[in-house]
Novice: 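Have a look at the structure that comes next, please.
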Amino acid sequence: MNHLLSIDDLDRAALDELHALAESFLEVTGREIPKVPALRGKVVVSLFYEDSTRTRLSFETAAKRLSADVMTFAVGSSSVKKGESLRDTIQTIAAMGIDAVVVRHPSAGAAHQLARWVDASVVNAGDGRHEHPTQALLDTLTIRRHRGPAIDGLRVAIVGDVRNSRVARSDVKALALLGAEVTLVAPDTLLPPSLAGWPCTATHDLESVLGDVDVLMLLRIQRERAAEASFPSLREFTARWGLTVDRAARLAPGTLVMHPGPMNRGVEIAPEVADGPRSLIAEQVHNGVAIRMAVLWKLLSGGSGGGMVA
Amino acid sequence: MNHLLSIDDLDRAALDELHALAESFLEVTGREIPKVPALRGKVVVSLFYEDSTRTRLSFETAAKRLSADVMTFAVGSSSVKKGESLRDTIQTIAAMGIDAVVVRHPSAGAAHQLARWVDASVVNAGDGRHEHPTQALLDTLTIRRHRGPAIDGLRVAIVGDVRNSRVARSDVKALALLGAEVTLVAPDTLLPPSLAGWPCTATHDLESVLGDVDVLMLLRIQRERAAEASFPSLREFTARWGLTVDRAARLAPGTLVMHPGPMNRGVEIAPEVADGPRSLIAEQVHNGVAIRMAVLWKLLSGGSGGGMVA
Amino acid sequence: MNHLLSIDDLDRAALDELHALAESFLEVTGREIPKVPALRGKVVVSLFYEDSTRTRLSFETAAKRLSADVMTFAVGSSSVKKGESLRDTIQTIAAMGIDAVVVRHPSAGAAHQLARWVDASVVNAGDGRHEHPTQALLDTLTIRRHRGPAIDGLRVAIVGDVRNSRVARSDVKALALLGAEVTLVAPDTLLPPSLAGWPCTATHDLESVLGDVDVLMLLRIQRERAAEASFPSLREFTARWGLTVDRAARLAPGTLVMHPGPMNRGVEIAPEVADGPRSLIAEQVHNGVAIRMAVLWKLLSGGSGGGMVA
């Protein structure tokens, strides 16, 4: 494993191993000094062509907890403005002697391109509408921590702006790998044009799945990708596909509620639900750091597990 | 002490303790390797919703000297742009497992809000026109290092744009706590609408206090807060309330001149005075790092002083 | 040696010493943990008034490999916006107790100014059209690693936008110091107004030097400095002064091709040549980190070489 570009890079065993590693790192993060020298001297570059707080901070926190050095490449202050190509930018950065690049880019496939151009390990932190594999890893870890490692047959609904969501695409793949049964819930305009390649079913009707799922995952309406052109109004969207207080009350007992953030409170999820007892939203963020520690460690340590968290 | 939101959080003993800690850290910063492992593994996030160089760099230098990891949250590249609320932003950051947040925000009370929402320690690095407690701590430390720890009865004039200044508000409180006698000097339009809650007196007449103070603290004209609408012209302001070379010559011998920076040279202070022998401006900056080390250490170390600077 | 402001600061012995140091650091960067504790506790500030990726990242990587703490001062989020002068900015930063400032500034002479104002070591990372000494150090190191340490009499052509290039000015000086023979190749409008102070010759005719040089150094067309006003069109420029595939084929065997980056591919250099076997472009970047380690170490360690890379 040299890169993490897509959930397709993983088989069940690899996914299980990353989850097991992340569990170890969750234990580390609970220590008085939540830091291990595992990647001392390694250089991790975060290369974000799209704004992001949570993902960049999460990766950088993970890298620092492994004692790696972190270099942040801010798009605003870059050679990109001078017309340099993505290829020249990454090859330049690589020539400085780095070990991993965490990349977010508005174009689907950008991370795969980078991986062809450099020797360093590439981690896809979101490429256009394509994939966001660490989000899927942390989402499935969060579910397993609540429902036990065997989640075959677990019923998961993913609700909202699926079409514009790289999170949905990665989540569906990871959930399918673990044997969960996934249903997409959205208006036609927010579903993928075809479900070919999506190992799941789809419905327009949120009401019909409410009482019948173990996990309800909401998605962010991607306002910055003009998702709003796909339905009459935000109010309309909320009325039919938002997780309102009323709908939350009709979920089966024990149904878990998740959201990858950042939330549009009052749109895809009611504030009371987001902050309510079913919500795993903060836990998702917490687990994200451990997942990113696992991925960076797996890619950069040579992969032998011995003494990892000494 | 979980947070430092306002000088109101401190009594005299707590202020004295922070000053004593800062003195120890000033000794550390004079060492060949000015670094201690006191906060190794702790994560400090700087969350700046307003531009600032000096304050952010000062806090980050302080954190690094204590061996903490520092994460910088730049407003420009944030989920804020995606419409995320301050509450969701901070709770997300907190879920990653951080220990302290240093926050600057244009709204008075923002730091207090954050402290309600997260378990991490919150340090107010300036909230609107409200408070900037570490500036007051470093200002009073600087005075004490020149005038001895007992500054009861010391006469301090704070001159200029008091109304828009969080520095002035915090300084007045800290000086009052130490028993100093403070006079605000400004035109009516730059004084607070009421002095209720300000333990000090006020005058319009800078000339009348010149020969009669131990410390003259200038304030920055807050151009970015439209302070200039409050007087006819900068020239007019300087003519009546600026510390010109001529006025500086009429200060009593030994009077200390201070300014929190960044200065508008030639407006509130003449360049010759800023760079002159009475000026403590560089020393204020220098002491600021030690004060911020003291505050972070006090908040994050559990507070037991034993072996702190080992 | 307290600062590195210009190649003029160096004599032949000092240049040789920095190259020897860089060779040691190249060995360090090849290690499993490419990090030495040489500058632990030192604080290096990067103060960039112009956008740059490669140079800033290169210096920061170098500083981190020496275990220094790095503070990044982003112009966009700075007191500069509040009208603070360069002098006040740097004196404020210096008062926090820093050891070195790496500065890039659009004005020629800015680094020299800083050096007058602060005790910290100043490294010029590019000042206007004036100098960029570490680029010249890494360029000459790269040539020596291919041609042996004695490069007296080596023939070097520097082609393109010389007039707007601080790289060219520093390279000419460093190459002259080492005894190389330099020819500038450009249209009149892109040559310096006078060659006084440039220890080299000049020609308009790229064809005439092609078969006759050991090293061909291309320069970036400085679009951001309106270089395009100096010739009819980019196409015209490429036709006469670009290193096309055809021209590259007519270089003598063994001629080295260099470019400081970022490249305008297809303008001053054809993509096939940039990526071809003669190109040292990635190696220049790689050597840059080692050169910057050498410079920072030389400036900050006290200069005694004993046990440096322990």
Side-chain angles (χ1 to χ4, degrees), chain B residues 25-26 28-36 46 48-65 67 70 72 74-77 104 220-225 259-267 269 271 274-275 280-290 292-293, chain C residues 36-49 51 53 56 60 63-64 66-103 113-114 116-120 300-304:
Chain B
F25 286 124
L26 279 171
V28 169
T29 62
R31 292 184 192 167
E32 179 64 23
I33 297 184
K35 207 162 169 170
V36 289
S46 62
F48 275 63
Y49 286 82
E50 286 185 348
D51 284 344
S52 169
T53 304
R54 65 184 61 227
T55 306
R56 187 179 60 77
L57 275 191
S58 181
F59 270 108
E60 294 186 0
T61 301
K64 288 182 178 179
R65 291 212 162 139
S67 303
V70 176
T72 303
V75 165
S77 57
R104 168 161 292 189
R220 215 177 96 67
I221 291 290
Q222 301 280 343
R223 294 179 174 193
E224 66 278 17
R225 290 182 208 143
H259 189 297
M263 292 181 273
N264 297 300
R265 284 175 177 259
V267 180
I269 187 167
D275 301 328
L280 302 184
I281 296 171
E283 204 176 317
Q284 287 172 274
V285 175
H286 183 70
N287 293 340
V289 176
R292 280 139 193 159
M293 291 174 79
Chain C
V36 289
L39 298 185
R40 203 165 67 80
K42 303 288 185 188
V43 178
V44 176
V45 173
S46 63
L47 178 60
F48 275 63
Y49 286 82
D51 284 344
T53 304
R56 188 179 60 78
E60 294 186 359
K64 288 182 179 179
L66 294 166
S67 304
D69 287 318
V70 176
M71 311 295 297
T72 303
F73 178 110
V75 166
S77 58
S78 77
S79 298
V80 175
K81 285 193 180 166
K82 296 184 185 171
E84 191 178 52
S85 69
L86 178 62
R87 181 170 182 170
D88 281 337
T89 296
I90 190 62
Q91 287 182 337
T92 298
I93 294 173
M96 292 180 198
I98 61 162
D99 299 284
V101 186
V102 176
V103 63
Q113 286 284 12
L114 291 197
R116 254 169 254 132
W117 291 330
V118 295
D119 287 331
L300 298 186
S301 70
S304 102

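Remember, it's a predicted structure, so these values are computed and weren't measured experimentally.
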Novice: Can you say whether B/S58 sits under 4.5 Å from chain C via the side chain, the backbone, both, or neither, judging by heavy atoms?
Specialist: both
Novice: Using a strict 4.0 Å threshold on nitrogen-to-oxygen distance, state whether B/E32 and C/R40 make a salt bridge.
Specialist: no
Novice: About how many Å separate CD of C/Q91 and CD1 of B/I281, when rounded to the nearest 0.5 Å?
Specialist: 10.0 Å
Novice: With rounding to the nearest 0.5 angstrom, report the CZ to CZ distance, C/R87 to B/R265.
Specialist: 6.0 Å
Novice: For residues B/R54 and C/M96, report the shortest heavy-atom separation together with the two atoms involved.
Specialist: O-CE, 3.2 Å
Novice: So what's closer than 4.5 Å to chain C heavy atoms on B/E283: side chain, backbone, both or neither?
Specialist: neither
Novice: Side chain from CB out, backbone as N, CA, C, O: work out which of these in C/I93 comes under 4.5 Å of a heavy atom of chain B, or both, or neither.
Specialist: side chain
Novice: May I ask you to test the C/D69-B/R65 pair for a side-chain heavy-atom distance under 4.5 Å?
Specialist: no
Novice: Between C/G41 and B/P34, which heavy-atom pair has the shortest distance, and what is it?
Specialist: O-CD, 3.2 Å
Novice: Quick one: closest heavy-atom pair of B/A282 and C/A95, and the distance?
Specialist: O-CB, 3.4 Å
Novice: Quick one: CG on C/D88 to CG on B/D275, what's the gap to the nearest 0.5 Å?
Specialist: 7.0 Å
Novice: Would you give the length of the straight line joining atom NE2 of B/H286 to atom OG1 of C/T92, rounded to the nearest 0.5 angstrom?
Specialist: 13.5 Å
